[in-house]
Amino acid sequence: MTKNTVVTRFPPSPTGYLHIGGARTALYNWLFARQQRGKFILRIEDTDKERSTSEATQAIVESLQWLGLDWDEGPYYQSERYSIYWEFIERLLSSGKAYYCHCTPEQLERRRKEAMAKGLKPKYDGRCRELELGPGPRAVVRLKSPQSGKTQFHDLIKGPISFNNEELDDLVLWRSDGSPTYHLAVVADDIAMGLTHIIRGDDHVNNTPRQILIYGALGEPLPLYAHVPMILGPDRTRLSKRHGATSVLAYRDLGYLPQALLNALARVGWSYGDQEKFTLSELIQKFSLENVGKSAGIFNRDKLLDLNAHYIRETGTEELVRNLLPFLETKGFKNIKDEKLRGAVETLKPRSKTLVEMAENARFYFVDQITYDPVAAKKFLNPDALDMLKDIRIRLQEIRDFTRETVEAVFLRFIEEKKVKLGKIAQPLRVALTGAGVSPGIFEVMEVLGRENVLERIGKAINYAAGSVGSANTKSSSS
RNA sequence: GUCCCCAUCGUCUAGCCAGGUCCAGGACACCGGCCUUUCACGCCGGCGACACGAGUUCAAAUCUCGUUGGGGACGCCA
């Protein structure tokens with residue numbers, strides 16, 4: 001591998017599920033690595049023992065896998081790499097770029113509050129900086145950072161960004177409990193793993209100068225930075241549980257296709273002219289940091305829904321059936337014949353926005369007893385329709401090869417003879433066969449249902465219509 | 001409070017770097033219409049934005065400054 005090879009990473013901290021903001025960051029890193037034929041690394045930043053859980057790690061991994069964002073290395077766990085980080089601390093300590101500090105958290109907290117009260121920036125006052133203290137039971141290691149001058153960098157997305165070093169304080173690198181802090185671990189790993197591009201949320205821009213200072217103290221070359229604007233909730237605040245479905249897995253369970261989520265996520269913050277729909281390979285081909293915008297965005301759920309409907313229409317029937325199966329199972333539909341399943345999916349494809357919706361709308365195909373929608377039944381399964389239903393049933397009975405085409409032919413002849421519009425017979429039949437006034441095309445429905453089932457359901461509808469002559473009660477049989 | 005970042009339709013955005021071709025284009029949503037066996041798809045049309053104020057210029061959505069608004073960061077969290 002040459003030294004020009006691009007290396008990116010996604011470094012979640014396993015303190016919760018993967019939300020769409022994190023997923024987009026992962027996506028951008030992944031896209032960039034794939035496009036540049038580089039490496040994409042997954043690294044779990046679990047240095048916070050208190051809050052890290054293996055469940056969260058699992059959820060994150062599962063989310064990435066579902067999305068199809070595969071990694072070339074990892075997952076690395078920072079909790080297993082403390083010896084590496086300590087080596088970096090030793091380098092810093094021996095070169096005088098870091099020092100031991102004996103201030104307690106309580107003291108620091110008090111000073112922070114005092115500073116805030118005075119309207120000052122709440123930062124460490126550097127009181128142990130020149131004391132040359134040694135290790136101690138409650139000691140931490142701090143970076144001795146410059147107290148004047150500027151730290152600046154050129155962000156690939158935001159352009160030049162500069163901070164006065166007075167704003168920065170001597171951050172803790174090593175905790176009193178013997179663990180590294182985020183800043184140290186990130187820099188150490190990014191160096192050790194050969195990162196070339198740091199693509200992350202712009203909530204990290206304030207961290208960047210601190211990390212640059214660590215690189216400087218270590219004498220290591222800097223990676224390139226690209227800070228992606230955040231995805232905000234509809235109320236324009238940081239994404240959180242309050243905003244409803246934000247986790248990747250939630251979208252999976254809601255019946256979204258990974259491709260739809262990926263497409264939608266890619267387009268928040270990034271654009272390629274007026275193009276809205278992208279296949280995965282187009283995304284890899286066309287993605288660029290240059291076309292990532294600077295301002296925060298809100299995730300547009302309506303757009304995701306539209307995209308999902310689009311990808312459902314585009315996806316091959318076989319694949320769609322596979323994806324739909326779990327949703328059918330949760331509704332209690334199992335062991336359905338392949339052919340019927342395929343047929344059903346085929347008819348539902350152009351009119352389903354999610355897999356959940358598709359499974360729901362497929363119900364009438366698979367239940368033994370359909371339920372009549374009261375309004376539709378009252379409107380169409382009435383005495384007016386009775387004769388037509390009887391007539392058409394007889395005609396359908398005579399078809400040997402029961403297909404969409406043969407069925408349609410029967411109907412065309414029927415309306416011609418009776419001089420009625422197709423809707424006149426189609427609607428009662430729709431209710432008879434599906435229970436509702438809304439459904440896929442009635443001929444395709446009949447083909448999928450099959451001759452026997454069709455005749456049976458029409459028979460029941462005839463009885464129902466006949467029975468409703470005197471009373472308008474809409475008894476419904478359960479499924 | 002201090003620092004950093006951002007600012008085009010309700011939302012995602014194109015245009016901005018290289019000022020005129022923009023009384024600002026696309027997408028989603030919404031509203032009409034067409035197609036039609038219902039629904040959906042599809043097609044056609046409509047609604048709808050350059051945050052504000054100065055400056056530079058023959059000319060500013062585009063460049064500069066300021067104001068306002070929003071977000072983020074200020075931890076022995078990441």
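Throughout, protein chains are lettered first and strands after them, A, B, ... in sequence-line order, and every chain is numbered starting at 1. A quick note: this is a predicted structure, and the numbers were derived from the prediction, not measured.
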Let me know the distance between [atom1] of [X] and [atom2] of [N], rounded to the nearest Å.
| X | N | atom1 | atom2 | result |
| --- | --- | --- | --- | --- |
| Arg236(A) | rG72(B) | CZ | P | 11 Å |
| Arg351(A) | rU37(B) | CZ | P | 14 Å |
| Tyr182(A) | rA73(B) | OH | P | 11 Å |
| Phe443(A) | rU38(B) | CZ | P | 11 Å |

Using a 4.0 Å cut-off on protein heavy atoms (strictly under), produce a 5'-to-3' string for [range] with B for base contact, S for backbone-only sugar-phosphate contact, and - for none.
| range | value |
| --- | --- |
| nucleotides 60-66 of chain B | ------- |
| nucleotides 44-52 of chain B | --------- |
| nucleotides 21-29 of chain B | ----BBBBS |
| nucleotides 2-8 of chain B | BSSSSS- |

When the [atom1] atoms of [M] and [N] are compared, how many Å lie between them, rounded to an integer?
| N | M | atom1 | result |
| --- | --- | --- | --- |
| rC23(B) | rG69(B) | P | 32 Å |
| rA29(B) | rG72(B) | C1' | 29 Å |
| rC9(B) | rA24(B) | P | 14 Å |
| rC34(B) | rC41(B) | C1' | 14 Å |
| rG71(B) | rG32(B) | C1' | 38 Å |
| rC52(B) | rG10(B) | P | 13 Å |
| rA59(B) | rC3(B) | P | 36 Å |
| rG20(B) | rG66(B) | C1' | 27 Å |

Check whether any side-chain heavy atom of Asn207(A) lies under 4.5 Å from a side-chain heavy atom of Tyr182(A), and answer yes or no. yes
When Tyr124(A) and Asp203(A) are each assigned the nearest nucleotide of RNA chain B, the 5'-most assignment goes to Asp203(A)
Donor-acceptor pair between [X] and [Y] side chains, under 3.5 angstrom:
| X | Y | answer |
| --- | --- | --- |
| Lys286(A) | Gln275(A) | yes |
| Asn165(A) | Ser148(A) | no |
| Tyr365(A) | Thr347(A) | yes |
| Arg200(A) | His227(A) | yes |
| Ser179(A) | Arg175(A) | yes |
| Thr371(A) | Arg363(A) | no |

Distance from Thr47(A) atom OG1 to Tyr82(A) atom OH, nearest 0.5 Å? 5.5 Å
State whether Arg313(A) places a side-chain N or O below 4.0 Å from either non-bridging phosphate oxygen (OP1 or OP2) of rA40(B). no
Taking only the side-chain nitrogens and oxygens of Arg175(A), find out if one of them lies under 4.0 Å from OP1 or OP2 of rC77(B). yes
For the side chain of Arg51(A), counting heavy atoms from C-beta on, which of rU37(B), rC77(B), rC12(B) is nearest? rC77(B)
Before we go on, tell me: are the rings of Phe40(A) and Phe10(A) under 6.0 Å apart, centre to centre? no
Aromatic contact between Trp270(A) and Tyr28(A), with the criterion being ring centroids under 6.0 Å apart: yes or no? no
Check whether Asp125(A) reaches the backbone of Arg127(A) with its side chain - one donor and one acceptor, N or O, closer than 3.5 Å. yes
Report, one pair per line, the protein and nucleotides 15-17 of chain B atoms (nitrogen or oxygen only) whose separation is under 3.5 Å.
none

Who does rC41(B) pair with, Watson-Crick or G-U, both distances under 3.5 Å? none
Can you tell me the base-pairing partner of rA61(B)? Count Watson-Crick or G-U wobble geometry only, both distances below 3.5 Å, and say none if there is no partner. none
Could a donor-acceptor pair under 3.5 angstrom be found where the side chain of Ser176(A) meets the base of rC76(B)? yes
Is it possible for you to check whether Arg142(A) lies under 6.0 Å from the centre of the six-membered ring of Tyr124(A), through NZ or CZ, and within 45° of that ring's axis? yes
Return each pair, listed once, that meets ring-ring contact (aromatic ring centres under 6.0 Å, His included) where at least one residue sits in residues 134-172 of chain A; pairs must be two or more places apart or across chains. Phe153(A)-Tyr225(A)
